[in-house]
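Here is the structure we will look at, set down as structure tokens.
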Amino acid sequence: LFFWNVMIKGYAKNGPYEEAIALYYQMLRTGLQPNKFTFPFVLKACASLNAPEEGITIHKHIRNLRFEADVYVGAALIDMHGKCGNTQDARDVFDKMPHRNLVAWTAMIAGYAQNGKPIEALWLFKEMGLVGMRSDSVALGSAVLACASLKALLTGKTIHGYILKSGFEFYVYVATGLIDMYAKCGSVEFARKVFDRMPQRNAVSWNAMISGYAQNGHAKEALALFKKMHFGLATPD
RNA sequence: CGCACUAGGAUCU
């Protein structure tokens with residue numbers, strides 16, 4: 001069983017994802033019972049493939065084998081349903097979990113944020129704080145994304161405040177999210193401030209800042225930054 | 001076997 005799990009994990013991580021799912025069924029055919037380690041990998045493969053039918057079938061297996069309440073399996077289920085666009089199924093799993101950890105909350109928040117439900121995402125983020133769950137950089141980053149799609153500048157600034165307090169401002173994806181959020185809210189100046197403070201930038205941060213300028217009609221700045229990117233270490237997309 | 005990257009996160013397209 002360990003061997004199967006490792007094999008499935010490998011394919012779930014690097015693809016081809018179909019192989020992970022095929023392997024899972026092959027394992028069932030040998031009569032082996034999957035365990036709670038098996039499912040997160042298989043579900044991840046479904047999520048990456050955007051295969052809701054597959055995911056729902058495997059969700060049934062999980063339910064039959066009573067693994068639904070496991071925190072790892074639960075978080076993976078929420079993620080899978082979220083990535084496949086089924087926020088309601090994700091929420092059902094979330095609501096049924098006896099013990100929710102940070103990942104479960106974050107996966108649910110990200111699920112809402114990525115499916116055009118930023119209000120639900122922010123509401124859940126707030127609720128998470130109310131129940132005393134401490135957020136990490138990923139949770140904060142997802143909340144920032146929700147603000148970006150809502151163009152909720154004030155809420156975004158509040159969350160930026162939390163980020164400063166918790167010291168996550170230099171995580172590249174958190175800072176990049178902030179740049180995007182400020183740019184989408186029309187505040188290129190704030191976006192630039194975040195950008196300038198970043199100790200490290202990747203192609204995505206550059207891209208976010210440049211398109212932020214472009215979206216707000218600052219073609220000159222966008223071009224200037226684009227040249228700078230060429231000039232520097234980063235490779236443009 | 002909690003498996004030393006076991007599960008969730010980023011811009012534009």
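Numbers restart at 1 for each chain; the letters A, B, ... are given by sequence-line order, proteins then strands.
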Atom pair distance, as rounded to whole Å: CG in A:Leu145 and P in B:rA10: 6 Å
Out of B:rG8, B:rA10, B:rA7, whichever nucleotide has its closest atom nearest the side chain of A:Val138: B:rG8
Spacing of A:Tyr182 atom OH relative to B:rU11 atom C1', expressed in whole Å: 17 Å
Sugar-phosphate only, base, or nothing, as touched by A:Lys36 at under 4.0 Å among non-hydrogen atoms: base
Nearest-nucleotide pick for A:Val204, side chain only, options being B:rU11, B:rA7, B:rG8: B:rU11
Selection from B:rA10, B:rA7, B:rG8 that lies nearest to any side-chain heavy atom of A:Thr176: B:rA10
Atom pair distance, as rounded to whole Å: CZ in A:Arg201 and C1' in B:rC12: 18 Å
Proximity to the side chain of A:Phe2 - top-ranked nucleotide from B:rA7, B:rC1, B:rU11: B:rC1
Stepwise side chain to side chain contact (heavy atoms under 4.5 Å, CB included) check, A:Met27 with A:Met7: CA-CA 11 Å; A:Met27 172 179 147; A:Met7 289 296 289; over 6 Å; no
Side chain A:Asn207 and base B:rU11 donor-acceptor under 3.5 Å: yes
Distance in angstrom units between A:Leu102 CG and B:rG8 P, rounded: 13 Å
Touch class at under 4.0 angstrom, heavy-atom based, for A:Ser211 against every strand present: sugar-phosphate
Sugar-phosphate, base or nothing in reach of A:Phe41, heavy atoms under 4.0 Å: sugar-phosphate
Separation of A:Ile58 CD1 from A:Ile21 CD1 (nearest 0.5 Å): 5.5 Å
OP1 or OP2 of B:rC5 under 4.0 Å from side-chain N/O of A:Lys9: no
Heavy atoms from other residues, nucleotides or ligands near CZ of A:Phe190 exceed 12 (cutoff 6.0 Å): no
Gap between atoms CD and P, on A:Glu169 and B:rA10 respectively (whole Å): 20 Å
Rounded C1' spacing from B:rC1 to B:rC5 in Å: 16 Å
Touch class at under 4.0 angstrom, heavy-atom based, for A:Ile78 against every strand present: nothing
Separation of B:rA7 P from A:Leu77 CG (nearest whole Å): 15 Å
Distance, rounded to the nearest Å, where A:Asn5 contributes CG and B:rC5 contributes P: 18 Å
Candidate pair A:Phe226 and A:Trp206, rule ring pair (Phe, Tyr, Trp, His ring centres under 6.0 Å), full reasoning: CA-CA 8 Å; A:Phe226 187 70; A:Trp206 283 92; 9.6 Å; no
Ion pair A:Asp92/A:Lys96, N-O distance below 4.0 Å: no
From B:rA10, B:rA7, B:rC1, nucleotide with atom closest to A:Asn35 side chain: B:rC1
Distance test, side-chain N/O of A:Gln215 to OP1/OP2 of B:rU11, below 4.0 Å: no
Atom pair distance, as rounded to whole Å: CE in A:Met209 and P in B:rU11: 15 Å
Distance below 4.0 Å between A:Lys184 side-chain N/O and B:rC12 OP1 or OP2: yes
Derivation of the side chain to side chain donor-acceptor pair (under 3.5 Å) call for A:Tyr182 and A:Arg192: CA-CA 9 Å; A:Tyr182 281 124; A:Arg192 184 56 189 257; over 6 Å; no
Donor/acceptor link under 3.5 angstrom from A:Asn101 side chain onto base of B:rG8: no
